[in-house]
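Structure first, commentary second.
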Amino acid sequence: MSTKFAPLKNDTFLRALLRQPTDYTPVWLMRQAGRYLPEYRATRARAGSFLGLAKNPDYATEVTLQPLDRFPLDAAILFSDILTVPDAMGLGLYFADGEGPKFERPLRDEAAVMALQAPDLGDLQYVYDAVTQIRTELDGRVPLIGFSGSPWTLACYMVEGGGSDDFRRVKSMLYDRPDLMHRILSINAKAVAGYLNAQIAAGAQAVMIFDSWGGALADGAYQQFSLDYMREVVAQLDLDQDGVRIPCIVFTKGGGLWLDQIADIGADAVGLDWTVNLGRARALVGDKVALQGNLDPVALFAKPEQIHAEVARTLASYGAPSAGHGHVFNLGHGISQFTQPEAVSVMVEAVHSLSRSVR
């Protein structure tokens, strides 16, 4: 890890991930730089498009820092998109108005899959430049999280050609031609590991793997087509930087059924969606991993006193802090674009004050 960056002033988030004592429970939000913030919408309008925002390090830095200027969050997360990797593979990423991401050249047949090549990670230099710029401008305020989609989640978009309600194409390939699916996943795993390592080299102080669609898989298929490849990625990560551990978080939405198995792949922390009981999760994983989560994002539409009560309930569910355990407060998935920023202020303040009071 380069010494060119300012020393960290608030390491609470990293300490929680490494299951070390903290003065309070740290908090950040999945999708914390996003459309719920008017300042984000203004910057995105200046950038002209989502990709114009994500591919310009100045804009990416600006929007990454916006939520930290508004709320006392304990971590920043790189503003980017999980589909930068398949975009660099030449699949032709674009964003259709009101429809989300699409690929011009999805992997629909054997010829397309056999032609697939690992990306030139140099084509993603704009991401690493953003990481370094954000880390520099943070000036040690809080740690910076880098991230990637999981091999399986990327494959879902690459085969479906965009988002999906039923994952019919990608799951049909999985059952009909598992050899083709394993080829895609193997290429993705190598790419994801290289991509995350490049973010670490550029200054990321923690990394997160988003397995957004792992929960769409059947038991058995999840282990073979998602979990095994995340294990492969984690094994290739350069998580020791000059004696400093770079914590790794893995998050499978809908993965609560497999929590004990996810906790065994070598990551430092496991993210949980809102369907999981935090206390039971903690009892199950013991001191193997820290836990991150898991307030229902829709709770932020409630009145302030109800948000406060839900934060209290979530913290109580995790239980009192103890040696060898760690908890990072987060939502169970990304924040809704319709959330009022004031609701986030209530939540963050509640997490900090309530968690201090039980220590």
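Predicted model, so just to flag it, every value in this text is computed and none were measured. Note: hydrogens, waters and symmetry copies are ignored here, and every other heavy atom, side chains too, is used.
- Inspection of the T252 and Y222 side chains reveals an N or O donor paired with an N or O acceptor under 3.5 Å.
- Without hydrogens or angle criteria, T136 side chain to T132 main chain gives a donor-acceptor distance under 3.5 Å.
- Under the side chain to side chain contact (heavy atoms under 4.5 Å, CB included) rule, L217 has a single partner from V170, L174, L227, which is L174.
- A side-chain N or O of N10 and one of D74 form a donor-acceptor pair less than 3.5 Å apart.
- In this structure, the side chain of D238 does not engage the main chain of I200 through any donor-acceptor pair within 3.5 Å.
- At a cut-off of 3.5 Å, with distance as the only test, a side-chain donor of T153 or S150 sits close to an acceptor on the other residue.
- Follow the hydrophobic side-chain contacts under 4.5 Å out from I262 and you never reach L18; the two are in separate clusters.
- Checking Q224 against D228 by side-chain atom types alone, no donor-acceptor pair falls below 3.5 Å.
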Fill in: CA sep, side-chain torsions, deciding dist, call: L37, Q32, side-chain contact (heavy atoms from CB on, under 4.5 Å)
CA-CA 9 Å; L37 291 176; Q32 70 185 18; over 6 Å; no

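- Judged by distance alone, with hydrogens and angles left aside, the side-chain atoms of R282 form a donor-acceptor pair with the main-chain N or O of Y318 at under 3.5 Å.
- V298 belongs to a hydrophobic cluster whose remaining members, ordered by chain and number, are F301, F338; membership requires side-chain heavy atoms of ILVMFWY residues under 4.5 Å apart, directly or through intermediates.
- Between F147 and F251, the distance separating the two ring centers is not shorter than 6.0 angstrom.
- Using a 4.0 Å cut-off between charged nitrogen and carboxylate oxygen, D240 and R245 do not count as a salt-bridge pair.
- In the hydrophobic clustering of ILVMFWY residues, with side-chain heavy atoms under 4.5 Å counting as a link, M208 and W274 come out apart.
- Side-chain contact of Y24 with S353: a donor-acceptor pair under 3.5 Å is absent, judged by distance alone.
- Although no hydrogens or angles enter the test, the distance criterion places no donor-acceptor pair under 3.5 Å between the side chain of D296 and the main chain of G332.
- You'll find the ring centres of Y229 and W152 outside the 6.0 Å limit.
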Full working for side-chain contact (heavy atoms from CB on, under 4.5 Å) between L185 and E232: CA-CA 10 Å; L185 292 167; E232 200 177 297; over 6 Å; no

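- Looking at T43 and E62, their side chains do bring a donor and an acceptor atom within 3.5 Å of each other.
- The main-chain N or O of A112 is found under 3.5 Å from a side-chain atom of D109 such that the two form a donor-acceptor pair.
- Side-chain contact of R177 with S172: a donor-acceptor pair under 3.5 Å is absent, judged by distance alone.
- Salt bridge status for D264 with K288: present, with a side-chain N to carboxylate O gap under 4.0 Å.
- Remark: R41 CZ is packed, more than 12 non-hydrogen atoms of other residues, nucleotides or ligands lying under 6.0 Å away.
- Counting only distance, with no hydrogens or angles, the side chain of R31 and the backbone of I335 share a donor-acceptor pair below 3.5 Å.
- Electrostatic pairing of E39 and R70 counts as a salt bridge here, judged by a charged N lying under 4.0 Å from a carboxylate O.
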